Every structure is written in structure tokens, then in C-alpha cells.
Asker: 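Dropping a structure here in C-alpha cells format, bear with me for questions.
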Amino acid sequence: MFPNMFPLGAGQFPTLPVMPVQAMTQQATRHARRVYVGGLPPTANEQSVATFFSQVMSAIGGNTAGPGDAVVNVYINHEKKFAFVEMRSVEEASNAMALDGIIFEGAPVKVRRPSDYNPSLAAALGPSQPNPNLNLAAVGLTPGSAGGLEGPDRIFVGGLPYYFTEAQVRELLESFGPLRGFDLVKDRETGNSKGYAFCVYQDLSVTDIACAALNGIKMGDKTLTVRRANQGTQQPRPEQESVLLQAQQQVALQRLVYQAGSLPTKIVCLTQVVSADELKDDEEYEDILEDMRGEGGKYGKLVNVVIPRPGPNGELAPGVGKVFLEYADVDGSTKARQGLHGRKFGGNQVVAVFYPEAKFAQGEYDG
């Protein structure tokens, strides 16, 4: 009736299209080869995500399927800021689970199993846990629980000036209370700061207060990004507002210190110690000079004390209102900075910062 429908010889049957074995295997293993990546920045795209995860997988020794890129496909939902990243193998996807919290384009991202992941099926396809020998330190991560730095109250602190020391970052964060865990992420080769840190407070109720107070403030030429590492920023509750205000005032005081100078030098500059009027009278000026020599000498060998004065007719010269203490070594100046900063002189709270030695040597006091 339809002679050309199946042009087959006697006893032959039509050959139905068969999916290649490799394609069937890929389809069956896809749920175990994909990872969910959440919290992506708006600038992320398929190419940047694929390149990044291929590079970090290589860096940590997570590539087990031979040479080449571990990532074979990326799907991004820009509206909801997440991606599905498909790996070549089940084992590589499991290794990628160790990358939870890694910094991508300046922000920590969540790395999870997708909702269609089937643990019982996956168990037969390959390892379901990351290889314990991955070199996570190569990308600034630590395996497992990092000294109390896990959980929903872990805070990400980004945008730190690279010259900030651990002590300075801790001092800033501890404006809100003692820390249970702290990690300033450093480059494995150089030991230098990578410009971001993680912390957890002993009192978890101050987590959102610290985030609200610190996020967006300028430190030198940088702007801090401070938020919960694993979720969006929450606003402090009304009963926390007074604590927030007090903490913001403390942070504002410390900003003056960090913006003016954080790298230790032999020179310490004090402000809010003297007024221009106090410096006009010769006798009073000598008394202040003597007081500063005595006070500064408590912290180390003091080489010189400079207190700029107004001109003969009362005109303000550069540096009036500041006191400069020159020490024989950085050890003395560091102790002086720590000891004098925040002290009360004449009812004023002193701000002590390091001052560039070259500018001081040239008599430039207006920095």
C-alpha cells in the first residue's frame, strides 16, 4: 500500500536511531557532575565562571579526568544570581564542593549540590566527597572547620588595603566585641594579604551590627564590603541601634588612624592634643614641649619633638595643632602609637598615626 515507506528487503527490520553510549552516560551522570554556585556578582557571565572554576580546580589539584578544563558547561540565572557549573566527571564535581566560600570577583560564593542531585545514585558513579589532599591553601581556602569560622554567622570582610596587618584588621573588627575566629587570607607564595578576611564574633548578636557599621566605609583608597559570608545583609534590629551608633563612632575614630598612616615609621603624629591659642605664648609653648618629651619618652628613645606654632601675627602655619614625635626606631614609635592613641589630653581624645619620615625630614607637616 505504501511501497516506499520502509524500503527493506525480506526479513529486515527498520533500524531505530540509538543514542550513543557516551551521551547516555553523560545524561545519567549529569546530576552528579553539576554543582550549584550561588551569590554571583552581577558582572558574572558564562565564560568568566567557566574560566574561573577551571583555573581554581587546576590550582587545587582537583582535575582528575586528564588535561584540559574541568568545566564543560555553565548555565547562569542572572536574575537570581546563581549558576549551574557542569564538570567533566563525577569526581571533579565532588572536588569542586571543597570550593564553598571561594572569592569570585570580590565576593564569596556558595558551592552546593543542585536540587536534582541523587546521593544514592551518585554513590555508584564515583566519589561523593572532595579528595582530602586537595591544595585548598593555593586559592585561600582551608579544609573543614577553620577555627570557628564556619556557620551562618561567618562574616566576609573585603576591600581591605593590602598593607593592613592582622593586628590592625582585628583591632577594627574588635570594636564590636571579641572574636571567636579570624582569618586574614594571604597569598601562599608571598605571605602578603589578599585584601579580604573572615571572622566570627563570640557574641553572635553583634554580627549584623558589625556588618551594618563597617560595610561601605572608606579605608585609604579602598571601600570595605562587609556582610555575612553565606547570605545577604540583614539590618540590625531596633534594640541594637544604640550599640550600632557607639560602634560606628569607634570605627570613625579608627578610620582616621588607618587613612592617615598604617605602615609603621619612626614618626608618630598626634592630633587633638593642643590648640593654636595654647601655642602662642612662649612660656606655655615650652611647658607643652616639655610635657610631650616626658610623655613620649615613656615608650622608647625619643630623638626629637616638633610642635608647629602659629606665625608672629597669629597666622596658621602648616601642621599647627599637631605634635610630631621622632623615635630612634620603629619599635619605640609603634609602642607610642598604641599607647597614646585614644588617650585623653585636656578632655580631648588623642588620635595617633604614623607619619612619613621623608615628609618629616623635609619639614612638611601638613600631611
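None of these values were measured; they are calculated from a predicted model.
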Asker: Is there a donor-acceptor pair closer than 3.5 Å between any side-chain N or O of S48 and the backbone N or O of A44?
Answerer: no
Asker: With distance as the sole test, does R154 use its side chain to make a donor-acceptor pair with the main-chain N or O of V200 at under 3.5 Å?
Answerer: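 Pair absent, no side-chain N/O of R154 close to backbone of V200.
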Asker: Under a single-linkage definition using a 4.5 Å side-chain heavy-atom cutoff for Ile, Leu, Val, Met, Phe, Trp and Tyr, are V90 and Y36 assigned to the same hydrophobic cluster?
Answerer: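 Different clusters: V90 never reaches Y36 through Ile, Leu, Val, Met, Phe, Trp or Tyr contacts under 4.5 Å.
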Asker: Taking side-chain hydrogen bond (donor to acceptor under 3.5 Å, both in side chains) as the test, write out the residues that go with R343, two or more places apart.
Answerer: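 So R343 forms a side-chain hydrogen bond (donor to acceptor under 3.5 Å, both in side chains) with E295, Y299.
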Asker: Could you give the distance from CZ (R337) to CG (L325), rounded to the nearest 0.5 Å?
Answerer: 13.0 Å
Asker: Where is the tightest heavy-atom contact between Y365 and P308, given as atom of each residue plus distance?
Answerer: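 Smallest heavy-atom distance, with atoms named: CD1-CG, 3.9 Å.
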Asker: Is there a donor-acceptor contact under 3.5 Å from the side chain of Y196 to the main chain of T225?
Answerer: no
Asker: Starting from L302, can I reach L289 by hopping between I/L/V/M/F/W/Y residues whose side chains sit under 4.5 Å apart?
Answerer: yes
Asker: Do the non-hydrogen side-chain atoms of Y201 and L173 ever get within less than 4.5 Å of each other?
Answerer: yes
Asker: When you compare the side chain of M292 with that of V274, does any pair of heavy atoms fall below 4.5 Å?
Answerer: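 SC-SC contact between V274 and M292 ruled out.
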Asker: Apply side-chain hydrogen bond (donor to acceptor under 3.5 Å, both in side chains) to E46 and list each qualifying residue two or more places apart in sequence or on a separate chain.
Answerer: none
Asker: Side chain of E166, backbone of L184: donor and acceptor closer than 3.5 Å?
Answerer: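 Not a single qualifying donor-acceptor pair exists.
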Asker: Determine the minimum heavy-atom distance between N95 and M57, stating which atoms define it.
Answerer: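 In terms of heavy atoms, the two residues are closest at CB-CE, 4.1 Å.
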Asker: To the closest 0.5 Å, what do you measure between CD1 (I288) and CZ (R293)?
Answerer: 12.0 Å
Asker: Looking only at atom types and distance, does a side-chain atom of S89 sit under 3.5 Å from a main-chain N or O of A65, one as donor and one as acceptor?
Answerer: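 No, the answer is negative, given that no donor and acceptor are paired below the 3.5 Å cut-off.
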Asker: Hey, quick one: are L270 and V330 part of the same hydrophobic cluster, counting side-chain heavy atoms closer than 4.5 Å, chains of contacts allowed?
Answerer: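 No, it is not one cluster - the side chains of L270 and V330 are not joined through contacts under 4.5 Å.
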Asker: Hey, could you give me the NZ/NZ distance between K298 and K335, rounded to the nearest 0.5 Å?
Answerer: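 Taking NZ in K298 and NZ in K335, the distance rounds to 15.0 Å.
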Asker: I need the minimum non-hydrogen distance between A83 and I76, along with the two atoms involved.
Answerer: CB-CG1, 3.8 Å
Asker: Is any side-chain N of the basic residue among D116 and R30 closer than 4.0 Å to the acidic one's carboxylate O?
Answerer: no
Asker: Measure from the side-chain N and O atoms of E92 to the backbone N and O of T64, and report whether any donor-acceptor pair falls under 3.5 Å.
Answerer: yes
Asker: Please say yes or no: joined through hydrophobic side-chain contacts below 4.5 Å, possibly via intermediate residues, are L340 and V305 part of one cluster?
Answerer: yes
Asker: Would R309 and D282 pass as an ion pair if we require N to O under 4.0 Å?
Answerer: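 Here R309 pairs with D282 in a salt bridge, since their nearest N and O are under 4.0 Å apart.
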Asker: Salt bridge check, D69 against R88: does any charged N sit closer than 4.0 Å to a carboxylate O?
Answerer: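 No, no charged N to carboxylate O under 4.0 Å.
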Asker: Is there side-chain contact between F82 and P114, with heavy atoms separated by less than 4.5 Å?
Answerer: no
Asker: Hey, are the side chains of V71 and M87 touching, using non-hydrogen atoms and a 4.5 Å cut-off?
Answerer: yes
Asker: Are M97 and V35 packed together at the side-chain level, in the sense that at least one heavy-atom pair is separated by less than 4.5 angstrom?
Answerer: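 Counting from C-beta outward, M97 and V35 do come under 4.5 Å.
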Asker: For residues F198 and F182, establish whether the separation of their ring centroids is below 6.0 Å.
Answerer: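 Ring-ring flag for F198/F182: false, centres at least 6.0 Å apart.
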Asker: Relative to the ring of F104, is the ring of F52 parallel (under 30°), tilted (30 to 60°) or perpendicular (over 60°)?
Answerer: perpendicular
Asker: In Å and rounded to the nearest 0.5 Å, what is the CD to SG distance from E174 to C199?
Answerer: 9.5 Å
Asker: Measuring from atom OG1 of T265 to atom CZ of F354, what distance do you get when rounded to the nearest 0.5 angstrom?
Answerer: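 Taking OG1 in T265 and CZ in F354, the distance rounds to 6.5 Å.
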Asker: Is there side-chain contact between L214 and V157, with heavy atoms separated by less than 4.5 Å?
Answerer: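 Side chain of L214 against side chain of V157, heavy atoms only: no contact under 4.5 Å found.
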Asker: Consider only side-chain heavy atoms of I, L, V, M, F, W and Y, link residues closer than 4.5 Å, and tell whether V111 and V49 are in one cluster.
Answerer: yes
Asker: What is the distance from atom OH of Y355 to atom CD of E364, rounded to the nearest 0.5 Å?
Answerer: 7.0 Å
